[in-house]
Amino acid sequence: MTGPSERIRVLIADDQPLVRRGLALILTPDPAVEVVAEADDGQRAVALAHQHRPHVVVMDIRMPVLDGVQATARIVRELPACRVLALSTFDMDEYVVAALRAGASGFLPKDVSPEELLAAVRTVHSGEAAVAPRLLTRLISSYVTAPRCPRPSSSAPGGGELTPREVEVWRLLATGLDNAEIATAMVISASTVKNHITSVFAKLSVRDRAQAVIAAYESGLVEAGPANSVG
């Protein structure tokens, strides 16, 4: 996190010079944001991330030398304080799921508005996932397949056992509901939902909502289907 007066340091990684320049032109005028470097491939992005220690990397998914998925995995592993915001030409892209699984905190299609890009940078910097819940669910339900023999939904990979309430919060989160909608569905307060989600994240060993949704599909807690793919 930044201090009260510290700007959000952003690294832009894209193999197309015009895209990099366009993203920089959107981000630079914002007084709360500082573009510290630009990279034209994934390997360069990793090197520049180590050099400049950005708070957020805006990462194109498909790049030469080292693709955005592999670069994301390295940055998240080697610089855990850095957040990655993945970019894709298309909303529905299996590479986006791979990037989220690798640790990206969100994704945007390349045709987003300047306001959406700036909002997403702020969101991932704050530690939240910058993906619309229903778009995330639709995307992941298309590209994530549950194992043949899913583990019991209460058994968390992080070693902790989920309570029945936590399992239900996880399930509702994975079907695309936001915190307020989960609170309404379970007839509990929004603050209680937030506490349950924090506990679920810790027990699942996931960093954010996007990874929790992927884990729900991979575990078999929820399955792809019409009910989970409305947007």
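Quantities reported herein were computed from a predicted structural model and do not represent experimental measurements.
One finds the CZ atom of R74 at 9.5 Å from the CG atom of L79 (value rounded to the nearest 0.5 Å). In this structure, C82 SG and L11 CG are separated by 7.5 Å, a value rounded to the nearest 0.5 Å. We find the CG-CZ distance between L177 and R171 to be 8.5 Å, quoted to the nearest 0.5 Å. One finds the CG atom of D111 at 8.5 Å from the CD atom of E116 (value rounded to the nearest 0.5 Å). Taking CG from D208 and OG1 from T123, the interatomic distance works out to 11.5 Å, rounded to the nearest 0.5 Å.
I61 is not listed as a side-chain neighbour of D67, based on a closest heavy-atom distance of 4.5 Å or more. Taking 4.5 Å as the limit, every side-chain heavy atom of T192 sits out of range of all side-chain heavy atoms of M186. Proximity of K203 to T163: side-chain heavy atoms (C-beta onward) are separated by under 4.5 Å at one or more points. Side-chain contact between D60 and V19: absent, with no pair of heavy atoms (C-beta onward) separated by less than 4.5 Å. L172 places none of its side-chain heavy atoms less than 4.5 Å from the side chain of V193. Taking 4.5 Å as the limit, some side-chain heavy atom of L85 sits within range of a side-chain heavy atom of L117. I197 has its side chain within reach of R209: a pair of non-hydrogen atoms, C-beta onward, lies under 4.5 Å apart. The shortest side-chain heavy-atom distance between E34 and H52 does not fall under the 4.5 Å cut-off.
Of all heavy-atom pairs spanning Q211 and R101, the tightest one is NE2-O, 3.9 Å.
Salt-bridge annotation for R165 and E168: absent, with no side-chain N of the basic residue lying under 4.0 Å from a carboxylate O of the acidic one. Salt bridge present: D30 and R122 bring a charged side-chain N and a carboxylate O closer than 4.0 Å.
Under the 4.5 Å side-chain heavy-atom criterion for grouping Ile, Leu, Val, Met, Phe, Trp and Tyr, V213 is connected to L162 within one hydrophobic cluster. Hydrophobic clustering, with ILVMFWY side chains joined whenever heavy atoms are under 4.5 angstrom apart, groups I26 together with V33. No continuous path of ILVMFWY side-chain contacts below 4.5 Å connects M59 to L23, so the two sit in separate hydrophobic clusters. A single hydrophobic cluster is seen to contain both I182 and W170, as judged by linkage of ILVMFWY side chains at heavy-atom distances under 4.5 Å, directly or through other members.
H55 contributes a side-chain N or O that, together with a main-chain N or O of R9, makes up a donor-acceptor pair within less than 3.5 Å. Judged by distance alone, with hydrogens and angles left aside, the side-chain atoms of T184 form a donor-acceptor pair with the main-chain N or O of A180 at under 3.5 Å.
Other residues, nucleotides and ligands place more than 12 heavy atoms under 6.0 Å from the CZ atom of R20.
Q16 meets the side chain to side chain donor-acceptor pair (under 3.5 Å) test with no other residue; sequence neighbours excluded. Scanning for salt bridge (charged side-chain N to carboxylate O under 4.0 Å, His left out) contacts around D15 gives an empty result, with sequence neighbours left out.
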